[in-house]
Undergrad: 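This is the structure I want to talk about, given as structure tokens.
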Amino acid sequence: MRWSNFFLFTSKEEPSDAVSPSHRLLLRAGFISQVSSGIYEILPAGFKVLKKVEKVIREEMERIGCQELLLTVLNPKELWEETGRWEAYGKELFKLKDRNGREFCLGPTHEEEITDLFRKFVRSYRSLPLYLYQVQVKFRDEKRPRFGLIRAREFIMKDAYSFDRDEGEALKSYKTFKEAYERIFKRLGLETYCVEASVGQIGGKFSNEFIAPTPFGEAHFVLCKSCGYTANSEIVPLKRGELEGEEEKPLKLVETPNTRTIKELSQFLGVKEEKILKALLYIHKGEPYLILIRGDREVDEKKVEAFFGDEDFHLASEEEVREILNTEKGFVGIFNLPKNVKVVWDNSTYGKKNLVVALNKVGYHYINVNPGRDFNYGQFADLCKVEEGDPCPKCGKPLQLKRGLELGHIFLLGDRYSKAMGALISDERGKEVPVYMGCYGIGVSRILSALVEQNYDERGIRWNYKVNPFEVLIICLNVRDEELLKSSLRIYQRLKEEGFDVLFDDRDERAGFKFKDADLVGIPLRVVLGKKYKEKKLLEVQDRYRDRSYEVKEENLVKFLRDVLKS
RNA sequence: CGGGGUGUAGCUCAGGUGGUAGAGCGUCGGCUUUGGGAGCCGAAGGUCGGGGGUUCGAGUCCCCCCACCCCGACCA
């Protein structure tokens with residue numbers, strides 16, 4: 001491809017709307033273009049990268065016997081009602097109607113459709129195991145799209161589904177996919193962690209996420225350097241602590257004006273935040289719950305969701321606090337509670353002595369409140385957000401907290417969908433049983449962002465040798481010099497014939513301009529023809545990925561490039 | 001869903017107190033230049049996010065709406 005005719009337009013200016021490195025660079029380098037919030041066009045250079053990513057994924061899917069098909073974007077409401085997800089999926093589901101008023105959604109994932117397809121054709125355990133996958137555009141009306149391709153509303157995903165006769169077989173399939181995923185990310189040149197995760201919206205028995213560490217990811221996960229435990233932070237269990245040995249001081253009521261936050265209260269009283277009993281009023285399905293947690297810790301609402309069993313809860317507003325507790329935020333506590341308010345103690349509160357506790361009276365707190373003497377514990381739960389340094393649930397050593405991009409998520413679904421939708425198979429004895437399923441997703445378009453997030457510098461993107469828009473860029477530094485242009489063309493033709501994926505910068509631009517562009521776009525190898533070539537007939541090969549430079553004779557070029565690309 | 005911010009040329013932005021729209025970059029034509037986004041001359045390019053209002057007159061003041069970006073997922 002000649003750059004003079006290639007649809008690749010770079011920009012010198014920093015896009016004002018972009019913050020994360022991948023978003024900025026993919027825009028500037030002309031790989032993507034925004035249409036609407038969370039909706040992007042993937043331009044030819046980006047598309048070429050995408051195709052190379054897909055190729056790796058397809059090869060690994062085929063290798064484990066997974067067959068490609070293409071499901072639909074438009075899914076009828078009836079299908080989603082069978083599993084209850086038409087309502088349960090909530091506002092993230094894009095819904096629309098056809099001319100006759102029939103309702104559809106734009107598929108955010110395809111468990112319903114694949115299960116429907118399975119039950120239409122497969123009857124016997126003899127057809128199993130069966131693995132199917134597709135690479136398809138998906139739609140999710142995200143609460144908050146951000147960072148370009150990282151959290152988009154329209155995106156490309158590879159989703160695979162396994163069908164087995166029982167749990168034991170399904171576990172084998174799960175392992176097969178997990179290993180395939182490890183190979184995929186390795187081949188793509190991405191650093192990823194496979195972590196334990198929650199099943200969330202998809203449901204099922206258990207799941208693992210593949211997370212690429214980057215500062216701009218949406219996933220928070222923990223890592224134990226000591227025993228190797230990794231997990232999404234929202235599922236890391238935190239246990240109760242020990243009873244403190246401190247001497248119990250006398251209970252006292254003190255005036256605490258204008259202490260609306262834990263920080264203010266802590267400063268006003270001169271006590272540590274962890275000695276304050278923080279009380280948060282939540283409303284679940286119209287019922288008030290008072291969640292108690294240590295003052296220095298925060299509630300993890302994902303854990304609250306797991307506790308309640310659904311998403312139908314929210315933190316009480318000022319008005320609700322006034323109405324239910326007859327007090328104001330900042331003075332919510334366990335004393336003088338109306339009977340209808342249920343109390344839940346987070347594990348972090350256990351064993352603390354000489355606490356500061358509010359009594360639902362504006363402007364006052366008790367100090368030196370002690371368990372057993374001044375109050376009794378009730379129901380305990382694990383609702384606390386994990387923090388750096390919290391103990392590893394496996395070995396007790398301090399955990400590291402990291403941020404990353406969730407690139408893959410695999411689930412052992414069990415019979416959640418097959419049971420609801422009647423996807424039954426006959427076993428050896430002729431008995432009909434629900435098929436045992438697994439599903440396996442990879443965020444394909446998001447991988448572009450992850451690759452950039454993990455490989456860029458101040459000058460631009462650094463694509464690796466395997467996944468890139470082109471393998472080689474030929475730069476002719478002066479296209480008005482006929483001899484130089486002729487030589488460049490000859491090399492360009494040769495490399496094409498030898499099977500290289502090559503872009504030829506034949507634009508009538510100055511050298512500096514071309515180098516800056518090349519750095520930005522990030523093609524891993526480039527062959528430069530300029531003064532050195534004219535004087536010494538030496539080609540300069542620049543390695544953008546490894547940031548090196550070589551002088552190569554023309555007759556050695558093909559072998560040289562091939563060797564680098566293979567390394 | 002809250003909170004904050006921004007919408008003016010393709011991009012990045014400037015346009016006190018209201019007076020009929022500008023720069024740099026990019027694009028097009030020309031000259032010059034050819035190893036790190038060079039220089040000079042000329043040109044094209046605008047519903048000032050949209051609607052309403054105030055006014056003789058609105059990019060600017062008032063009201064409503066929309067879009068996009070950021071923060072939080074409400075921490076008492």
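Chain identifiers are assigned alphabetically (A, B, ...) following the order of the sequence lines, protein sequences preceding nucleic acid strands; residue numbering begins at 1 within each chain.
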Undergrad: Do the side chains of A:Glu287 and A:Lys342 get close enough for a salt bridge, i.e. N-O under 4.0 angstrom?
TA: yes

Undergrad: Generate the contact string for nucleotides 31-37 of chain B. Rules: B means base contact, S means sugar-phosphate contact only, - means no protein heavy atom under 4.0 Å.
TA: --BBBBB

Undergrad: Going 5' to 3' along nucleotides 71-76 of chain B, which nucleotides have protein heavy atoms under 4.0 Å from the base (write B), which only from the sugar-phosphate (write S), and which from neither (write -)?
TA: BBBSBB

Undergrad: Heavy atoms within less than 4.0 Å of RNA chain B: which residues of residues 29-48 of chain A have one? Give them sorted by number.
TA: A:Gln34, A:Ser36, A:Ser37

Undergrad: Return the pairing partner of B:G22 with a 3.5 Å limit on both distances, Watson-Crick or G-U wobble; otherwise return none.
TA: B:C13

Undergrad: Distance check, rounded to the nearest 0.5 Å: A:Lys252 atom NZ versus A:Asn354 atom CG?
TA: 13.0 Å

Undergrad: Write down the distance separating the P atoms in B:G4 and B:U17, rounded off to the nearest Å.
TA: 24 Å

Undergrad: Taking atom P in both B:G49 and B:G15, compute the distance separating them and give it to the nearest angstrom.
TA: 14 Å

Undergrad: Could you check which nucleotide pairs with B:G35 in any of the strands shown, counting Watson-Crick or G-U wobble with both distances under 3.5 Å?
TA: none

Undergrad: Rounded to the nearest 0.5 Å, what separation is found between the CZ atom of A:Arg140 and the CZ atom of A:Arg151?
TA: 9.0 Å

Undergrad: Does any nucleotide pair with B:G42 by Watson-Crick or G-U wobble geometry, both distances under 3.5 Å, and what is it?
TA: B:C28

Undergrad: Does A:Arg2 make a cation-pi contact with A:Phe504 (under 6.0 Å, within 45 degrees of the axis)?
TA: no

Undergrad: For the C1' atoms, the ones on B:U54 and on B:C71, what distance do you get once it is rounded to whole angstrom?
TA: 37 Å

Undergrad: On a whole-Å scale, what distance lies between the P atoms belonging to B:A76 and B:G5?
TA: 22 Å

Undergrad: Sequence neighbours excluded and cut-off under 3.5 Å, please list the side-chain donor-acceptor pairs for residues 37-44 of chain A, or say none.
TA:
unit_1  : atom_1 : unit_2  : atom_2 : d
A:Tyr40 : OH     : A:His23 : NE2    : 3.0
A:Glu41 : OE1    : A:Ser33 : OG     : 3.3

Undergrad: Please measure how far the P atom in B:C69 lies from the corresponding atom in B:G37, and state the result in whole Å.
TA: 33 Å

Undergrad: Just the atom pairs and distances: protein N or O near nucleotides 7-10 of chain B's N or O, under 3.5 Å.
TA:
none

Undergrad: When you compare B:G10 with B:G53, how far apart are their C1' atoms, in angstrom units rounded to a whole number?
TA: 33 Å

Undergrad: Does B:A67 have a Watson-Crick or wobble mate here (both distances under 3.5 Å), and if so which one?
TA: B:U6

Undergrad: With P as the reference atom in both, quote the distance from B:C70 to B:C13 in angstrom, rounded to an integer.
TA: 14 Å

Undergrad: I'd like to compare against my own output: the B/S/- annotation of nucleotides 39-51 of chain B with a strict under-4.0 Å heavy-atom distance to protein.
TA: -------------

Undergrad: Does A:Lys353 pair with A:Asp374 as a salt bridge, N-O distance under 4.0 Å?
TA: no

